[in-house]
Number of protein chains: 2
Amino acid sequence: MQRCCPPAKVVETDFEPAAGLLKAIADPYRLTMLATLATAEDEVCVCDFTDALPLNQPTVSHHLRILREAGLVTCDRRGTWVYYQLAADARARVDHALALVFRKKVHA
Amino acid sequence: MQRCCPPAKVVETDFEPAAGLLKAIADPYRLTMLATLATAEDEVCVCDFTDALPLNQPTVSHHLRILREAGLVTCDRRGTWVYYQLAADARARVDHALALVFRKKVHA
DNA sequence: CCGTTGCATTGACATCCATCGATGTTAGCT
DNA sequence: AGCTAACATCGATGGATGTCAATGCAACGG
(Lines give C-alpha, C1' and ligand atoms only; values in the text may rest on other atoms or scores of the structure.)
Protein backbone atom coordinates (compact mmCIF):
# COMPACT_ATOMS: atom_id res chain seq x y z
CA MET A 1 0.00 0.00 0.00
CA GLN A 2 1.18 3.48 -0.75
CA ARG A 3 2.16 6.02 1.82
CA CYS A 4 -0.64 8.25 2.95
CA CYS A 5 1.17 11.44 2.11
CA PRO A 6 4.42 13.32 2.22
CA PRO A 7 5.04 13.00 5.95
CA ALA A 8 3.80 16.24 7.46
CA LYS A 9 5.82 17.76 10.22
CA VAL A 10 4.00 18.16 13.51
CA VAL A 11 5.17 21.28 15.31
CA GLU A 12 7.06 20.71 18.53
CA THR A 13 6.35 23.94 20.32
CA ASP A 14 5.36 23.62 23.96
CA PHE A 15 1.81 24.88 24.11
CA GLU A 16 1.29 24.25 27.81
CA PRO A 17 1.57 27.93 28.77
CA ALA A 18 -0.72 29.02 25.95
CA ALA A 19 -3.23 26.34 26.82
CA GLY A 20 -3.14 27.40 30.46
CA LEU A 21 -3.87 30.98 29.54
CA LEU A 22 -6.73 30.00 27.26
CA LYS A 23 -8.12 27.67 29.88
CA ALA A 24 -8.27 30.56 32.32
CA ILE A 25 -10.35 32.45 29.79
CA ALA A 26 -12.55 29.64 28.52
CA ASP A 27 -15.49 30.21 30.84
CA PRO A 28 -18.54 32.38 30.17
CA TYR A 29 -18.48 34.05 33.58
CA ARG A 30 -14.78 34.79 33.42
CA LEU A 31 -15.26 36.23 29.94
CA THR A 32 -18.01 38.40 31.35
CA MET A 33 -15.68 39.62 34.06
CA LEU A 34 -12.91 40.39 31.58
CA ALA A 35 -15.31 42.16 29.24
CA THR A 36 -16.67 44.22 32.11
CA LEU A 37 -13.17 45.24 33.17
CA ALA A 38 -12.30 46.06 29.56
CA THR A 39 -15.34 48.21 28.91
CA ALA A 40 -15.09 49.87 32.31
CA GLU A 41 -11.54 50.91 31.51
CA ASP A 42 -11.34 51.27 35.25
CA GLU A 43 -11.56 49.33 38.46
CA VAL A 44 -14.58 47.25 39.27
CA CYS A 45 -15.58 46.26 42.79
CA VAL A 46 -16.14 42.61 43.57
CA CYS A 47 -19.59 43.42 44.86
CA ASP A 48 -20.60 44.49 41.35
CA PHE A 49 -19.96 40.97 40.15
CA THR A 50 -21.67 39.27 43.04
CA ASP A 51 -24.65 41.54 42.49
CA ALA A 52 -24.92 41.08 38.74
CA LEU A 53 -23.94 37.45 38.24
CA PRO A 54 -26.11 34.48 39.19
CA LEU A 55 -23.30 33.12 41.35
CA ASN A 56 -22.66 33.02 45.03
CA GLN A 57 -19.89 35.12 46.48
CA PRO A 58 -17.38 32.28 46.92
CA THR A 59 -17.83 31.27 43.31
CA VAL A 60 -17.21 34.81 42.12
CA SER A 61 -14.11 34.90 44.28
CA HIS A 62 -13.00 31.62 42.77
CA HIS A 63 -13.28 32.88 39.19
CA LEU A 64 -11.48 36.09 40.06
CA ARG A 65 -8.69 34.09 41.60
CA ILE A 66 -8.22 32.11 38.41
CA LEU A 67 -7.99 35.32 36.39
CA ARG A 68 -5.60 36.74 38.96
CA GLU A 69 -3.32 33.70 38.93
CA ALA A 70 -3.30 33.82 35.13
CA GLY A 71 -2.00 37.38 35.40
CA LEU A 72 -4.96 38.75 33.49
CA VAL A 73 -6.27 40.96 36.26
CA THR A 74 -4.87 42.75 39.27
CA CYS A 75 -6.60 43.60 42.49
CA ASP A 76 -6.28 46.38 44.98
CA ARG A 77 -7.80 46.39 48.43
CA ARG A 78 -8.97 49.75 49.72
CA GLY A 79 -10.70 49.56 53.03
CA THR A 80 -13.31 46.88 53.10
CA TRP A 81 -13.57 46.62 49.33
CA VAL A 82 -11.41 45.01 46.70
CA TYR A 83 -11.18 46.52 43.27
CA TYR A 84 -10.18 44.55 40.21
CA GLN A 85 -8.58 45.90 37.09
CA LEU A 86 -7.67 44.43 33.74
CA ALA A 87 -3.94 43.79 33.52
CA ALA A 88 -2.30 46.15 31.07
CA ASP A 89 -0.93 43.32 28.95
CA ALA A 90 -3.92 41.02 29.22
CA ARG A 91 -5.00 41.38 25.62
CA ALA A 92 -1.42 41.25 24.39
CA ARG A 93 -0.71 38.03 26.24
CA VAL A 94 -3.71 36.30 24.72
CA ASP A 95 -2.90 37.65 21.28
CA HIS A 96 0.64 36.40 21.59
CA ALA A 97 -0.54 32.94 22.51
CA LEU A 98 -2.79 32.84 19.46
CA ALA A 99 -0.05 34.17 17.21
CA LEU A 100 2.09 31.29 18.38
CA VAL A 101 -0.57 28.90 17.20
CA PHE A 102 -1.81 30.41 13.98
CA ARG A 103 1.43 31.66 12.52
CA LYS A 104 2.00 30.52 8.96
CA LYS A 105 5.01 28.62 7.84
CA VAL A 106 8.17 30.70 7.93
CA HIS A 107 9.47 30.93 4.39
CA ALA A 108 13.24 30.78 4.26
CA MET B 1 -21.01 53.01 55.57
CA GLN B 2 -20.36 54.56 52.21
CA ARG B 3 -20.96 52.86 48.89
CA CYS B 4 -17.99 51.04 47.54
CA CYS B 5 -17.98 52.88 44.24
CA PRO B 6 -20.03 54.27 41.43
CA PRO B 7 -21.91 51.10 40.56
CA ALA B 8 -20.03 49.57 37.64
CA LYS B 9 -22.07 48.02 34.91
CA VAL B 10 -21.45 44.36 34.33
CA VAL B 11 -21.79 43.52 30.64
CA GLU B 12 -24.70 41.29 29.72
CA THR B 13 -23.37 39.74 26.54
CA ASP B 14 -23.86 36.01 26.24
CA PHE B 15 -20.36 34.60 26.22
CA GLU B 16 -21.38 30.95 26.00
CA PRO B 17 -20.45 30.61 22.32
CA ALA B 18 -17.14 32.37 22.80
CA ALA B 19 -16.35 30.27 25.84
CA GLY B 20 -17.20 27.13 23.90
CA LEU B 21 -14.84 28.07 21.12
CA LEU B 22 -12.03 28.90 23.52
CA LYS B 23 -12.64 25.69 25.45
CA ALA B 24 -12.15 23.74 22.23
CA ILE B 25 -8.78 25.41 21.88
CA ALA B 26 -7.62 25.36 25.46
CA ASP B 27 -5.63 22.14 25.31
CA PRO B 28 -1.94 21.76 24.51
CA TYR B 29 -2.43 18.89 22.10
CA ARG B 30 -5.25 20.59 20.25
CA LEU B 31 -3.12 23.72 20.00
CA THR B 32 -0.35 21.57 18.57
CA MET B 33 -2.74 20.18 15.98
CA LEU B 34 -3.98 23.63 15.02
CA ALA B 35 -0.45 25.00 14.79
CA THR B 36 0.59 22.07 12.63
CA LEU B 37 -2.33 22.62 10.29
CA ALA B 38 -1.57 26.35 10.19
CA THR B 39 2.12 25.96 9.39
CA ALA B 40 1.45 23.15 6.93
CA GLU B 41 -0.90 25.42 5.00
CA ASP B 42 -2.16 22.14 3.65
CA GLU B 43 -3.81 18.92 4.68
CA VAL B 44 -2.32 16.74 7.36
CA CYS B 45 -3.02 13.05 7.68
CA VAL B 46 -4.28 11.70 10.98
CA CYS B 47 -1.44 9.23 11.07
CA ASP B 48 1.03 12.11 11.31
CA PHE B 49 -0.55 13.07 14.61
CA THR B 50 -0.73 9.57 15.97
CA ASP B 51 2.92 9.12 15.04
CA ALA B 52 4.19 12.37 16.49
CA LEU B 53 2.07 12.83 19.59
CA PRO B 54 2.41 10.77 22.77
CA LEU B 55 -1.24 9.79 22.53
CA ASN B 56 -3.04 6.67 21.46
CA GLN B 57 -5.06 6.70 18.30
CA PRO B 58 -8.49 6.99 19.98
CA THR B 59 -7.30 10.00 21.92
CA VAL B 60 -6.04 11.70 18.79
CA SER B 61 -9.37 11.00 17.16
CA HIS B 62 -11.12 12.48 20.19
CA HIS B 63 -9.20 15.75 20.01
CA LEU B 64 -9.74 16.01 16.27
CA ARG B 65 -13.44 15.52 16.81
CA ILE B 66 -13.58 18.40 19.26
CA LEU B 67 -11.83 20.66 16.77
CA ARG B 68 -14.16 19.44 14.05
CA GLU B 69 -17.31 20.05 16.07
CA ALA B 70 -16.03 23.52 16.91
CA GLY B 71 -15.79 24.19 13.19
CA LEU B 72 -12.09 24.90 13.40
CA VAL B 73 -10.99 22.10 11.12
CA THR B 74 -12.45 20.14 8.26
CA CYS B 75 -11.69 16.60 7.22
CA ASP B 76 -11.68 14.76 3.94
CA ARG B 77 -11.50 11.04 3.57
CA ARG B 78 -9.58 9.74 0.59
CA GLY B 79 -9.28 6.02 0.53
CA THR B 80 -8.14 4.66 3.82
CA TRP B 81 -6.79 7.93 5.07
CA VAL B 82 -8.42 11.01 6.46
CA TYR B 83 -6.87 14.39 5.88
CA TYR B 84 -7.50 17.35 8.13
CA GLN B 85 -7.29 20.97 7.18
CA LEU B 86 -7.57 24.22 9.06
CA ALA B 87 -10.94 25.84 8.50
CA ALA B 88 -10.58 29.00 6.43
CA ASP B 89 -12.19 31.15 9.10
CA ALA B 90 -10.63 29.45 12.11
CA ARG B 91 -8.38 32.32 13.06
CA ALA B 92 -11.10 34.86 12.30
CA ARG B 93 -13.61 33.11 14.53
CA VAL B 94 -11.24 33.09 17.47
CA ASP B 95 -10.25 36.69 16.88
CA HIS B 96 -13.89 37.70 16.77
CA ALA B 97 -14.58 36.00 20.07
CA LEU B 98 -11.68 37.86 21.67
CA ALA B 99 -12.75 41.15 20.13
CA LEU B 100 -16.13 40.63 21.76
CA VAL B 101 -14.42 40.37 25.11
CA PHE B 102 -11.70 42.96 24.98
CA ARG B 103 -13.49 45.74 23.15
CA LYS B 104 -13.25 49.04 24.89
CA LYS B 105 -16.20 51.08 25.90
CA VAL B 106 -18.07 52.53 22.96
CA HIS B 107 -17.88 56.30 23.25
CA ALA B 108 -21.11 57.91 22.20
C1' DC C 1 -13.92 46.11 72.32
C1' DC C 2 -17.71 43.96 69.79
C1' DG C 3 -20.64 43.26 65.96
C1' DT C 4 -21.01 43.75 61.05
C1' DT C 5 -19.63 43.85 56.33
C1' DG C 6 -16.82 42.54 52.20
C1' DC C 7 -14.01 39.22 50.44
C1' DA C 8 -10.93 34.97 50.56
C1' DT C 9 -10.32 30.21 51.73
C1' DT C 10 -11.65 25.55 52.86
C1' DG C 11 -14.02 21.26 52.23
C1' DA C 12 -17.37 18.58 49.91
C1' DC C 13 -19.87 17.26 46.01
C1' DA C 14 -21.36 16.79 41.24
C1' DT C 15 -20.11 17.17 36.72
C1' DC C 16 -17.09 17.46 32.96
C1' DC C 17 -12.97 16.02 30.48
C1' DA C 18 -8.74 13.49 28.92
C1' DT C 19 -7.18 9.04 28.28
C1' DC C 20 -7.18 4.32 26.84
C1' DG C 21 -8.77 -0.61 25.66
C1' DA C 22 -12.12 -2.78 22.97
C1' DT C 23 -14.94 -2.72 19.15
C1' DG C 24 -17.08 -0.91 14.86
C1' DT C 25 -16.61 0.82 10.16
C1' DT C 26 -14.71 1.73 5.80
C1' DA C 27 -11.41 0.94 2.21
C1' DG C 28 -7.95 -1.51 -0.21
C1' DC C 29 -5.53 -5.83 -1.42
C1' DT C 30 -5.25 -10.81 -2.69
C1' DA D 1 -15.08 -13.55 0.44
C1' DG D 2 -11.44 -12.88 3.74
C1' DC D 3 -7.67 -10.26 5.60
C1' DT D 4 -5.48 -6.11 6.94
C1' DA D 5 -4.92 -1.16 7.73
C1' DA D 6 -6.71 3.55 9.07
C1' DC D 7 -9.77 5.94 11.53
C1' DA D 8 -14.11 6.55 14.40
C1' DT D 9 -16.98 5.33 18.24
C1' DC D 10 -18.10 3.20 22.72
C1' DG D 11 -17.49 2.31 27.63
C1' DA D 12 -14.94 2.80 31.66
C1' DT D 13 -11.85 5.27 34.74
C1' DG D 14 -9.15 8.83 37.04
C1' DG D 15 -8.35 13.62 37.41
C1' DA D 16 -9.70 18.37 36.76
C1' DT D 17 -13.29 21.93 37.34
C1' DG D 18 -17.56 24.68 38.77
C1' DT D 19 -20.50 25.34 42.54
C1' DC D 20 -21.89 26.24 47.22
C1' DA D 21 -22.19 26.09 52.59
C1' DA D 22 -19.32 26.95 56.25
C1' DT D 23 -15.57 29.28 58.05
C1' DG D 24 -11.70 32.61 58.33
C1' DC D 25 -9.92 37.21 58.08
C1' DA D 26 -9.38 42.14 57.65
C1' DA D 27 -11.47 46.64 57.96
C1' DC D 28 -14.81 49.71 59.49
C1' DG D 29 -18.41 51.74 62.88
C1' DG D 30 -20.47 52.09 67.32
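The model shown is predicted, which means the values in this text are computed figures rather than measured ones. Chain letters run A, B, ... following the sequence lines, proteins first and then strands; every chain starts at 1.
- In this model, the phosphate group of D:dA27 is not approached by any side-chain N or O of A:Arg77 to a distance below 4.0 Å at OP1 or OP2.
- Side-chain N/O atoms of A:Ser61 include one lying less than 4.0 angstrom from OP1 or OP2 on C:dA8.
- In this structure, CZ of A:Arg78 is placed 15 Å from C1' of C:dC7, rounded to the nearest angstrom.
- A donor-acceptor contact under 3.5 Å is not formed by the side chain of B:Gln57 with the base of D:dA6.
- With sequence neighbours excluded, the residues satisfying side chain to side chain contact (heavy atoms under 4.5 Å, CB included) with A:Arg68 are A:Arg65, A:Val73, A:Cys75, A:Tyr84.
- Residues B:Phe15 and B:Val101 meet the side-chain proximity criterion, which asks for heavy atoms closer than 4.5 Å.
- Linking Ile, Leu, Val, Met, Phe, Trp and Tyr whenever their side-chain heavy atoms come within less than 4.5 Å leaves B:Leu37 and B:Ile66 in two separate clusters.
- No more than 12 heavy atoms of other residues, nucleotides or ligands lie within 6.0 Å of CD in A:Glu12, so this atom counts as exposed by the packing criterion.
- When the side chain to side chain contact (heavy atoms under 4.5 Å, CB included) test is applied to A:Glu16, the partners found at least two apart in sequence or on another chain are A:Asp14, B:Pro28.
- Considering only side-chain N and O atoms, A:Tyr84 lies under 4.0 angstrom from the phosphate OP1 or OP2 of C:dA8.
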Interface polar pairs with nucleotides 17-19 of chain C, N/O, under 3.5 angstrom:
{"from": "C:dA18", "atom 1": "OP1", "to": "B:Arg30", "atom 2": "NH1", "distance (Å)": "3.2"}
{"from": "C:dA18", "atom 1": "OP1", "to": "B:Arg30", "atom 2": "NH2", "distance (Å)": "2.8"}
{"from": "C:dA18", "atom 1": "OP2", "to": "B:His62", "atom 2": "NE2", "distance (Å)": "3.3"}
{"from": "C:dT19", "atom 1": "OP2", "to": "B:His63", "atom 2": "NE2", "distance (Å)": "2.4"}

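- Applying the side-chain hydrogen bond (donor to acceptor under 3.5 Å, both in side chains) test to A:Arg103 and every residue at least two apart in sequence or in another chain returns nothing.
- Going from atom OH of A:Tyr83 over to atom P of D:dA26 covers 19 Å, rounded to whole Å.
- Every residue meeting the side-chain hydrogen bond (donor to acceptor under 3.5 Å, both in side chains) condition with A:Asp95, not counting sequence neighbours, appears here in chain and number order: A:Arg91.
- In the region residues 31-44 of chain B, proximity to DNA chain C at under 4.0 angstrom, judged on heavy atoms, holds for none of the residues.
- Here the side chains of B:Ile25 and B:Leu34 are in contact, with some heavy-atom distance below 4.5 Å.
- A chain of hydrophobic side-chain contacts below 4.5 Å, direct or via other Ile, Leu, Val, Met, Phe, Trp or Tyr residues, connects A:Leu53 to A:Leu64.
- The distance from atom CG of B:Asp76 to atom P of D:dA8 is 12 Å, rounded to the nearest whole Å.
- Within the 4.0 angstrom heavy-atom criterion, no nucleotide atom of any strand lies near A:Phe49.
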